[in-house]
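Residues take their numbers from the sequence shown, with the count starting at 1.
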Amino acid sequence: MYKIQTLNKISAIGLNNFPRDNYEVATDINNPDAILVRSADMHEMQIPESVKAVARAGAGTNNIPCDKLAEKGVVVFNTPGANANAVKELVILGLLLSSRPALAANKWVAGLAGKGDEIPALAEKGKSQFVGPELKGKTLGVIGLGAIGAQVANTAIELGMNVIGYDPFISIKAAWNLNRDVKYSETLEGIFAKADYITIHVPQTNDTKGMINATSIKTMKDGVRIVNFARGGLVNNADILAAIENGKVASLVTDFADESLLKCDKVICLPHLGASTPEAEDNCAVMAVKELIDYLETGAIANSVNFPKTYLDAKIPTNGTRLCIAHKNVPNMIAQFTTVLGSAKLNIEGMVDQNKNDLAYALIDVDGKISDEALAALAEIDGVIKVRPIFG
């Protein structure tokens with residue numbers, strides 16, 4: 001019986017994917033095998049030694065101490081792409097709101113309440129103050145062509161925009177999914193120089209933090225409109241407010257509210273609505289649950305932020321053992337594993353070892369039940385973080 005602790009309200013559609021005869025799922029649970037979380041902050045949480053994995057029903061993992069957990073061999077999963085359509089739709093809305101002052105117009109019309117029969121004429125007379133450009137024929141620069149960025153680019157093409165994308169780390173899958181009319185820029189400067197609209201879809205790192213700043217804004221077209229539904233820290237708020245003040249930037253639409261931004265009428269702030277749809281919550285929960293099931297039952301890792309993608313196609317040998325070994329990415333580890341298994345008179349029927357930066361993860365199938373002594377010998381190897389057997 002596997003025990004799963006939930007730290008937030010998780011979609012029932014996702015939780016229903018746990019087999020009821022082999023999983024116990026609850027908020028209050030002792031010694032869980034895994035934790036399922038959405039937005040709860042885990043940085044100060046005392047995480048039980050029993051925990052083997054944490055799955056975040058969403059893409060971002062800022063609320064999870066990923067490095068700390070990696071040191072304990074705990075795999076942290078996220079669900080990239082599960083909420084991509086929800087975010088894409090809101091980005092398209094952001095592009096429209098950056099052009100057409102519909103929110104301000106709605107607020108103005110609401111102020112006509114009480115004017116009775118005069119309202120139609122007053123509305124017609126006042127509409128000229130809410131003119132804004134169309135998206136069709138304009139150039140959109142998409143920074144980051146992952147699951148969300150690629151969908152935004154493709155939809156913008158369908159809306160009649162010219163689209164330029166930039167992503168030095170674009171995956172083959174993302175490239176295949178891009179509309180062939182999306183042009184590729186080798187540099188950020190190529191985006192800044194040509195785009196009428198810019199939308200950002202990259203994670204916040206030391207390299208990307210504050211990427212929209214006074215220096216980069218100077219290289220942009222006059223009247224550029226910027227949309228940020230990725231991370232608040234990607235935009236230097238003081239710099240963009242100064243650029244709005246001097247007319248360089250026409251507007252900013254962001255999902256990350258800030259006191260300074262709320263004072264500017266050319267900034268639209270939303271309360272982090274990117275993935276706030278029932279469909280996205282269901283999709284993220286389903287994906288997170290399936291990741292945990294695969295990992296707990298087969299050792300397979302997909303979409304982990306701290307360990308490499310790893311899986312064995314074969315089933316766990318009948319009456320055999322699959323060894324899941326988290327270890328440091330250093331030389332001679334595999335040789336030491338095989339020495340221990342050979343001494344235990346176990347034949348290796350399948351093996352894979354993958355690495356990610358300083359960490360690595362091995363799956364090894366052997367043809368018998370491994371003994372406690374052999375497990376201890378593997379765990380004692382210098383550089384081994386955690387050994388977990390799954391018995392066939």
Side-chain angles (χ1 to χ4, degrees), residues 2-8 31-80 146 169 171 202-209 231 284 287-312 322-334 336-337 351-364 375-376 378-390:
Y2 293 108
K3 297 181 178 181
I4 311 297
Q5 182 181 19
T6 58
L7 299 187
N8 298 100
N31 301 315
D33 293 288
I35 293 174
L36 191 53
V37 62
R38 285 178 60 205
S39 59
D41 190 344
M42 297 180 62
H43 285 280
E44 302 302 323
M45 178 180 171
Q46 293 296 319
I47 299 172
E49 292 297 321
S50 60
V51 172
K52 304 168 182 66
V54 173
R56 160 80 160 90
T61 54
N62 292 344
N63 58 318
I64 302 171
C66 300
D67 292 341
K68 178 181 176 182
L69 291 175
E71 294 172 359
K72 297 182 177 182
V74 177
V75 179
V76 178
F77 295 97
N78 66 346
T79 57
F169 307 107
S171 67
V202 297
Q204 183 175 313
T205 66
N206 290 334
D207 293 330
T208 62
K209 186 174 182 180
R231 288 291 180 270
C284 287
M287 189 171 180
V289 167
K290 289 183 177 179
E291 289 168 347
L292 287 181
I293 292 173
D294 285 346
Y295 178 69
L296 292 173
E297 296 186 5
T298 74
I301 293 179
N303 302 319
S304 172
V305 299
N306 58 357
F307 279 92
K309 181 178 180 179
T310 313
Y311 66 94
L312 273 176
R322 174 164 293 175
L323 297 167
C324 311
I325 307 175
H327 64 92
K328 299 290 186 181
N329 183 23
V330 295
N332 201 38
M333 296 303 294
I334 299 301
Q336 293 182 81
F337 299 159
M351 178 171 63
V352 63
D353 188 75
Q354 300 291 339
N355 66 78
K356 185 173 187 176
N357 300 321
D358 297 330
L359 297 175
Y361 179 73
L363 292 176
I364 305 175
L375 283 173
L378 288 170
E380 289 171 2
I381 295 173
D382 187 27
V384 168
I385 301 170
K386 177 178 280 190
V387 180
R388 179 170 68 99
I390 305 175

Inset, instruction - Sort out for me which residue in K309, E291, R56 forms a side chain to side chain contact (heavy atoms under 4.5 Å, CB included) with N303. - result: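 Checked K309, E291, R56 against N303; only one passes side chain to side chain contact (heavy atoms under 4.5 Å, CB included): E291.
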
Quick check: closest heavy atoms across [X] and [Y], and the distance to 0.1 Å?
| X | Y | answer |
| --- | --- | --- |
| V384 | H327 | CA-CB, 4.0 Å |
| D353 | A362 | OD1-CB, 3.0 Å |
| G73 | F307 | CA-CZ, 4.0 Å |
| P48 | P32 | CG-CD, 3.9 Å |
| A53 | L292 | CB-CD2, 3.8 Å |
| F77 | A302 | CD2-O, 2.9 Å |

Side-chain contact test, heavy atoms from C-beta onward, threshold under 4.5 Å: evaluate it for [X] versus [Y] and give yes or no.
| X | Y | value |
| --- | --- | --- |
| I390 | E297 | no |
| L323 | L363 | no |
| M333 | I381 | yes |
| I4 | I35 | no |

Test your reading of the model: is there a side-chain donor-acceptor pair from [X] to the backbone of [Y], 3.5 Å cut-off?
| X | Y | result |
| --- | --- | --- |
| N329 | N357 | yes |
| T310 | I301 | no |
| T205 | T208 | yes |
| N63 | D41 | no |
| T79 | G58 | yes |
| R322 | T298 | yes |
| R388 | L296 | yes |
| N306 | L359 | no |

Legend entry - Approximate separation, where rounding is to 0.5 Å, of L7 CG and L36 CG: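 It is 8.0 Å, given to the nearest 0.5 Å.
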
Inset, instruction - Measure the acute angle between the ring planes of Y295 and Y361, then classify it against the limits of 30° and 60° as parallel, tilted or perpendicular. - result: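 Answer is tilted, since the angle falls between 30° and 60°.
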
Legend entry - Lys/Arg-Asp/Glu bridge criterion (N-O < 4.0 Å) met for K52, D33: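 Looking at D33 together with K52, the answer is yes, because their closest N to O distance falls below 4.0 Å.
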
